[in-house]
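One structure is given below, encoded as structure tokens.
Every chain is numbered from 1 and lettered A, B, ... according to where its sequence line falls, protein lines coming before strand lines. None of these values were measured; they are calculated from a predicted model.
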Number of protein chains: 2
Amino acid sequence: MVSIKDVAKKAQVSTATVSHVINETRFVADETKQKVYLAMKDLNYQPNRIARSLRSRKSNTIGLLVPLVAEDTSNFFFMSIANGIEKVLKENGYNLILSNSNEDEVTEKNQIRVFNTQLIDGLVIAPVNGEDSAYNKELTGDYPVVYIDRHPSGVEGDIVLVDNLRGSYEGVRALLNKGYERIGFITGTLGITTSDERLKGYKQALKEKAIPVRKEFIKEGPATFEQGYQLAKELHEAEVTALFVANNVMTMGAVSYLNEHQVKIPEEIGIIGYDDYDWMKITSPPLSVVRQPAFEIGKVAVEQLLKRINGSKEKFAEVMLDAELVQRGSF
Amino acid sequence: MVSIKDVAKKAQVSTATVSHVINETRFVADETKQKVYLAMKDLNYQPNRIARSLRSRKSNTIGLLVPLVAEDTSNFFFMSIANGIEKVLKENGYNLILSNSNEDEVTEKNQIRVFNTQLIDGLVIAPVNGEDSAYNKELTGDYPVVYIDRHPSGVEGDIVLVDNLRGSYEGVRALLNKGYERIGFITGTLGITTSDERLKGYKQALKEKAIPVRKEFIKEGPATFEQGYQLAKELHEAEVTALFVANNVMTMGAVSYLNEHQVKIPEEIGIIGYDDYDWMKITSPPLSVVRQPAFEIGKVAVEQLLKRINGSKEKFAEVMLDAELVQRGSF
DNA sequence: ATGAAAGCGCTAACAG
DNA sequence: CTGTTAGCGCTTTCAT
């Protein structure tokens, strides 16, 4: 391994000068610079980022902790976020350490501990769906943190969210405007902020039109394909005329049920799903959905994080991004 | 920041002893150990991995370089791979640095250079689809490398692939066995190994049944939704009775065309796509596909990589994983 | 305009 | 069974 010393020797300058040439951190005469560049090239010198990090206490690396579940379509959402993050990071010369909490609180805690020993300059975390995940305890404050997608109760910090309430509100309102009144609502387990807010949006839209919220039209269960299927069945049997499904996995389950039982969309039942993927275009009819700006979440989150890393002391920001209703032909 | 020195002082031992307690790297008397543990706890000591890496020349971190394209469904494939990698890595106390080449040779080269300064213990790379990406030049050999998914020509190294030839061969054969004979083939740009091999499989299956390969039934283009749509149109007009689509993005485009023009599947045209996602279940009829074991690729690749990191000197291995035909109702 | 040298926190060779 | 100490490769203060 060729080190800064070798370069210094070859260029007949001090290591300090080499370092300053590399980092452009103080004036170096042009002639000297050229000697250094030449030496670096000749020796094929690569600065050692580890040594740099140790000395400067800066790693130019940020961590991302997301809750992926094996083989789950919702991963796509977080991966788009990761994509947005990676892009901004690259533009700024940062690296990304990706880590997975498996939607499990214990794993999440462990991963945070790993990050604590890791010298990351900052962390973006999509918190696990849990009650009292004690972020304040584990996150030791050595690095700034930006939360995304979910708002764990009692946590203070920068946070980037999607306006879930508004998303489902707009969706349900669109159904209402088309004349649907018996609207079923399928959601993943309640008690987590995203689900709760989407339910609120549903209720609010109904209330505005003075349509009573009927408990039997609201179906909750674990966010799985099978549950989506099952709950769509129940709601269909309860003779709803439209369906709003508050997450992508259950959307697929619901559509699967409707297809299998040849319930005509939108003639017999209208439907709006959640999250927009290419394949929504190829169901028949193409599915209308509430689209979340995943890539944008990542982008905004990491921009905020970089601000903090660069010393911003502004008070915590909560950014709320808009969800968007994508109209296709399913209602 | 509390360092090993502080712990040593508090526990009244040397830093060497503390280090050895932490790493269990030489015998330490029980009593001494307890003192050290206590001190660590009291001070809330976290070993500094950067310092450790600098000294031991080992980072316990591996890099992953994948070619993601913004908003592209094929990302899902690589993300499943990343998932598999992350899982094995976590079990072994390793971290993952994720990096994206954007399917672009220049970016890829840059990212490799970043990795070269980074002290990673190993690299998993899904090479960009390119002609002469000079891996041998950039990859300086400081760390082991495992290639996945694609086999860049002229590259020697450990590599984990899916049997593309066999995948499409089995698919096309299944179509032939059902009696289809005018089978169209839609592929992304040829000249990259995955596409070429899948085409070979198609031809081989036809040959075996003594059905002439008709050039006008083979359609090639950039792997986009729109191209899939367009090429499906052309083949439909050429009156093929079945369609084999050799990647997931074009599969969606093709299905989209068929849906829009109300071409009945499988009555008017049979179809097999590539890659298996949940949403294949909710097209009507559910789509039959060739399934690639993405998670498995990641797992196998990183297992091989860890072997190398631990000093294996066996000759380069080429692992070929099986693709699997998933029968649903589309032919 | 440049150099000398200390030291980041840790590991490991050597010594006892 | 444990301690001393050199140094990994770099940045940065102090000096000139």
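An OP1 or OP2 oxygen of D:dT12 is reached within less than 4.0 angstrom by no side-chain nitrogen or oxygen of A:Thr25. The phosphate of D:dC8 (OP1 or OP2) has no side-chain N or O of B:Arg57 nearer than 4.0 angstrom. Under 4.0 angstrom from either OP1 or OP2 of D:dC8 there lies no side-chain N or O belonging to A:Asn48. The shortest distance between the side-chain N/O atoms of A:Thr17 and the OP1/OP2 oxygens of C:dT2 is not below 4.0 Å. Considering only side-chain N and O atoms, A:Ser14 lies nowhere under 4.0 angstrom from the phosphate OP1 or OP2 of C:dT2.
Ranking D:dT12, D:dC1, C:dC8 by closeness to the B:Ala29 side chain, first place goes to D:dC1. Taking the side chain of A:Ser56 as heavy atoms from C-beta on, and the options D:dT12, D:dC10, C:dG9, the nearest nucleotide is D:dT12. Of the listed nucleotides (C:dT11, D:dG9, D:dT11), D:dT11 has the atom at the smallest distance from the side chain of A:Asn23. Of the listed nucleotides (D:dC10, C:dT11, D:dC1), C:dT11 has the atom at the smallest distance from the side chain of B:Arg55. Of the candidates C:dT11, C:dA12, D:dT2, the closest approach to any side-chain atom of B:Val28 belongs to D:dT2. Minimum atom distance to the side chain of B:Phe27 is reached by D:dC1, of the listed D:dC10, D:dC1, C:dC10. Set against C:dG9, D:dT11, C:dG3, the side chain of A:Val13 has C:dG3 as its closest nucleotide.
The distance from atom CG of B:Asp142 to atom P of D:dG9 is 12 Å, rounded to the nearest whole Å. The separation between A:Asn60 atom CG and D:dT11 atom P is 11 Å, rounded to whole Å. Straight-line distance from the NZ atom of B:Lys5 to the P atom of C:dC8: 6 Å, rounded to whole Å. At whole-Å resolution of the value, CE in B:Met1 and P in C:dG7 are 19 Å apart. Summarising the geometry, the separation between CZ on B:Arg49 and P on C:dT11 is reported as 11 Å, rounded to the nearest angstrom. Rounded to whole angstrom, the span from the CD atom of A:Glu24 across to the P atom of C:dT2 amounts to 15 Å. We find that CD1 of B:Ile50 is positioned 18 Å from P of D:dC8, with the value rounded to whole Å. Computed from coordinates, the B:Lys58 NZ to D:dC8 P distance equals 20 Å when rounded to whole Å.
To the nearest 0.5 Å, atoms NZ (A:Lys315) and CG (A:Asp158) are separated by 12.0 Å.
Residue A:Gln12 is classed as a sugar-phosphate contact, given heavy-atom separations below 4.0 Å to backbone atoms only. Backbone-only engagement by A:Thr32 is indicated by non-hydrogen atom pairs under 4.0 Å involving sugar-phosphate atoms exclusively. Across all strands, A:Ala16 comes closer than 4.0 Å to base atoms (heavy-atom distances).
The two residues A:Ile50 and B:Ser53 make their nearest non-hydrogen contact at CG2-CB, 4.0 Å.
A salt bridge links B:Glu91 with B:Lys87: at least one charged nitrogen is closer than 4.0 Å to a carboxylate oxygen.
Counting non-hydrogen atoms of other residues, nucleotides and ligands closer than 6.0 Å to NZ of A:Lys9 gives a total of 12 or fewer. In this structure, B:Glu318 places its CD atom where more than 12 heavy-atom neighbours from other residues, nucleotides or ligands lie under 6.0 Å away.
Between the side chain of A:Arg26 and the base of C:dG3, at least one donor-acceptor pair of N or O atoms lies under 3.5 Å.
Under the 3.5 Å distance criterion, the side-chain polar atoms of A:Ser80 are matched with a main-chain donor or acceptor of A:Phe76.
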